[in-house]
Amino acid sequence: MYQTMVRAISHYTSLLQTCINSKAIEPGKQLHAHLILNGLTSHAPIATKLLNLYTACNSLSNAHLVFDRILPNQLTNLFLWNILIRAFAWNGPYSIAISLYHQLLRGGLEPDNFTFPFVLKACSALSDVQQGRIVHQDVARFGWECDVFVGAGLIDMYSKCGCVYDARQVFDEMPVRDVVVWNSMLAAYAHNGLAEDALSLCNAMVLSPGVLRPTVATLVTVVSAAADIAAVTQGREIHGFSWRHGFEGEDKVGTALVDMYAKCGSLTVARMLFERLKETRVVSWNAMIAGYAMHGLATEALALFEEMKREGEVTPDHITFVGVLSACSHGGLMDEGRKFFDAMVREYSIEPTVQHYTCMVDLLGHSGQLNEVCDLIRKMSMKPDSGVWGSLLNGCKLHGNVELGELALEKLIELEPRDAGNYVILSNIYAQAGKWEGVARVRKLMKEKGLKKSIACSWIKVKNKVHGFLVGDLSHYKSEEIYAELDRLGGLMIEAGYVPDIGPVFHDVEDDEKMGMVFSHSERLAIAFGLISTPPGTKLLITKNLRVCDDCHVVIKFISKITEREITVRDVNRYHHFKDGTCSCGDYW
DNA sequence: GTAGGGTTAG
């Protein structure tokens with residue numbers, strides 16, 4: 001009798017394995033029904049296969065059902081728990097993974113080095129750091145802190161919850177770290193806006209005596225960190241490093257490099273690397289298209305999109321269209337933008353996301369079709385976010401529409417009440433329209449809420465050192481020469497026909513700022529420093545944390561002509577390439 | 001028999 005049952009179980013497990021291999025859920029379900037009739041579902045080998053089948057086919061309610069029928073004596077089988085928790089941690093609902101974990105503990109079982117990474121993944125997916133900390137305590141309680149898999153899981157959990165210092169603490173306390181632990185920590189920095197820390201940790205990793213070989217993931221992470229802060233020098237170093245270490249054929253690294261060079265303004269290099277990629281993948285096309293778009297090179301972006309369609313090896317996805325639409329938006333190509341938006345929905349059956357709507361609002365807003373913007377916003381299937389209202393507000397600023405600007409700010413206050421930048425834009429709209437009482441009202445509102453405009457700051461890298469400048473900054477060791485250079489250029493500019501435009505800006509500055517601050521805006525200081533510190537003809541790259549103001553934009557155009565320099569300013573919104581008195585944005589930003 | 005990290009937009 002016992003022999004027969006063992007044979008039957010082995011027979012069914014192999015049948016189920018066939019179903020798992022081919023993800024054949026229907027035959028699997030028939031087998032399951034058969035097994036229920038024969039009372040075999042509670043046997044661990046069968047239950048395991050059924051669980052595997054349903055998780056492989058993403059049929060989690062069935063998996064749960066199987067689990068519930070497992071005999072009480074099988075509930076001590078940790079392996080079964082682990083694969084069930086894994087199923088929910090990977091596919092959701094994530095909260096079920098967590099409640100199963102607690103159920104497991106209540107049943108008196110001890111989680112192991114497999115359980116923790118799974119349940120931590122569920123915490124990450126929910127960004128639930130409280131739950132994550134509870135699990136962390138359990139990790140310590142059960143003595144798994146030194147396990148590299150568990151450690152990487154903890155670092156990743158803290159990182160995804162935005163607690164990068166907790167992640168670092170876990171990292172520091174690990175006695176032995178493998179390459180994935182390092183990669184997790186690099187990613188934690190990179191994804192939490194600490195690109196500089198990611199880059200220096202990468203240096204430490206490469207130099208550390210453990211001789212850890214970086215992996216594709218290491219390089220992809222740090223290249224994208226360099227891209228985030230437009231650190232072209234470090235990006236180039238990593239590029240060289242990856243070539244020397246045999247990663248030149250790795251397309252994923254290649255794509256990250258395409259993105260990095262594009263973000264650093266070297267579009268020719270980006271394109272060259274793009275052409276050298278071996279596989280055709282949609283991410284690579286997207287990176288290149290978006291690269292052109294962010295520099296206002298709409299023609300190139302759209303030509304590449306057409307080429308992508310012609311080659312037909314990859315299908316455009318929703319991110320491709322964010323690139324295409326933002327190319328249209330930055331290039332002021334109204335009709336094309338509409339055409340692509342329609343094509344996206346009709347030909348490619350891509351549901352527009354809020355980003356696509358933001359591009360369209362930007363596009364329509366720039367060309368002054370503000371009523372159409374309102375129609376579009378009404379038609380949206382989701383709640384407009386701050387990006388959408390912010391684009392509308394910017395459109396109102398460009399076209400001096402006070403009423404709609406007020407509406408947009410109202411919505412923005414609901415969504416991000418502490419963002420001073422929005423108030424400043426509305427205040428500028430009032431100022432342009434000569435409505436000084438409106439300016440005063442906004443200022444009062446900001447004061448009541450205790451909001452301060454964020455301090456403008458610009459950076460420039462000269463000889464591998466980053467120099468930062470605040471508005472009106474006098475702290476730089478070359479301050480005197482910087483202001484002298486600005487004075488000298490100011491004279492030349494006026495000769496060339498420059499008329500300062502400080503009207504709106506005067507009403508836009510902080511109360512404690514003095515009139516005339518516009519002459520010492522941070523980007524001008526950074527540019528002047530760049531000019532006096534580099535040989536003639538050197539291109540300058542400046543990064544700014546806010547938008548470039550109207551007057552600075554005019555001034556930089558003059559400077560580019562007078563000094564015969566190419567100047568790139570990467571503001572919070574886009575890139576401006578100044579050359580020979582014009583800007584790539586076509587004065588349109 | 002189960003496991004951790006990575007690229008494009010915003």
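Here is the naming used below: chain letters follow the sequence lines, and residue numbers restart at 1 for every chain. The figures here come from the full heavy-atom set of this structure, side chains too, leaving out hydrogens, waters and symmetry mates.
- No N or O donor and acceptor, one from the side chain of A:D385 and one from the base of B:dG10, sit under 3.5 Å apart.
- Nearest to the side chain of A:I319, among B:dG4, B:dA3, B:dA9, sits B:dA9.
- For A:D317, the side-chain hydrogen bond (donor to acceptor under 3.5 Å, both in side chains) partners at least two apart in sequence or on another chain are A:N286, A:T320.
- Distances were taken from every side-chain heavy atom of A:K121 (C-beta onward) to each of B:dT7, B:dG4, B:dA9; the shortest belongs to B:dG4.
- Of the candidate nucleotides B:dT8, B:dA9, B:dG4, B:dG4 has the atom lying nearest to any side-chain atom of A:V148.
- Residue A:R281 places its side chain closer to B:dT7 than to any other of B:dT7, B:dG10, B:dA3.
- Looking at heavy-atom distances under 4.0 Å, A:D317 makes no contact with the nucleic acid at all.
- Taking A:H318 as the reference, nothing meets the ring pair (Phe, Tyr, Trp, His ring centres under 6.0 Å) condition, with sequence neighbours excluded.
- Near DNA chain B, meaning a heavy atom under 4.0 Å away, the residues from residues 246-259 of chain A are A:K252, A:T255, A:D259.
- Looking at heavy-atom distances under 4.0 Å, A:W144 makes no contact with the nucleic acid at all.
- Within 4.0 Å (heavy atoms only), A:T215 reaches at least one base atom of the nucleic acid.
- Residue-level contact check: A:V181 touches the bases, meaning some heavy atom is under 4.0 Å from a base atom.
- Listed candidates were B:dA9, B:dT7, B:dG4. Nearest to the side chain of A:P117 is B:dG4.
- Side-chain atoms of A:N82 lie closest to B:dT2 of the nucleotides B:dG4, B:dG10, B:dT2.
- Atom-to-atom, CE of A:M294 to C1' of B:dT8 comes out at 9 Å; the value is rounded to the nearest Å.
- The side chain of A:V283 sits closest to B:dT7 out of B:dT7, B:dA3, B:dT2.
- In this structure, A:E306 pairs ionically with A:K309, as a charged nitrogen and a carboxylate oxygen lie closer than 4.0 Å.
- The existence of a salt bridge linking A:D166 and A:R133 is confirmed by a sub-4.0 Å separation between a basic side-chain nitrogen and an acidic carboxylate oxygen.
- Applying the ring-ring contact (aromatic ring centres under 6.0 Å, His included) test to residues at least two apart or on different chains, the pairs with a partner in residues 173-195 of chain A are A:F171-A:W182.
- Side-chain atoms of A:F114 lie closest to B:dA3 of the nucleotides B:dG4, B:dA3, B:dG10.
- Taking only side-chain atoms of A:F149, from C-beta outward, the nucleotide of B:dA3, B:dT2, B:dT8 with the closest atom is B:dA3.
- Rounded to an integer number of Å, the gap from CG of A:L84 to C1' of B:dA3 is 16 Å.
- The interatomic distance linking A:L104 (CG) with B:dT2 (P) rounds to 18 Å, in whole Å.
- The aromatic rings of A:F241 and A:H245 sit parallel, their planes meeting at an angle under 30°, below the 60° perpendicular limit.
- Nucleotide B:dT7 holds its P atom 20 Å from the NZ atom of A:K278, rounded to whole Å.
- The distance between atom OH of A:Y101 and atom P of B:dT2, rounded to the nearest whole Å, is 21 Å.
- Residue pairs meeting the salt bridge (charged side-chain N to carboxylate O under 4.0 Å, His left out) criterion with at least one member in residues 134-149 of chain A, sequence neighbours excluded, are A:D138-A:R141.
- Not a single ring pair (Phe, Tyr, Trp, His ring centres under 6.0 Å) links A:Y101 to another residue, sequence neighbours left out.
- Distance, A:F321 CZ to B:dT8 P: 20 Å, rounded to whole Å.
- Here the nucleotide nearest the side chain of A:Q355, chosen from B:dT7, B:dG10, B:dA3, is B:dG10.
- For A:L363 and B:dG10, the CG to P distance is 14 Å, given to the nearest whole Å.
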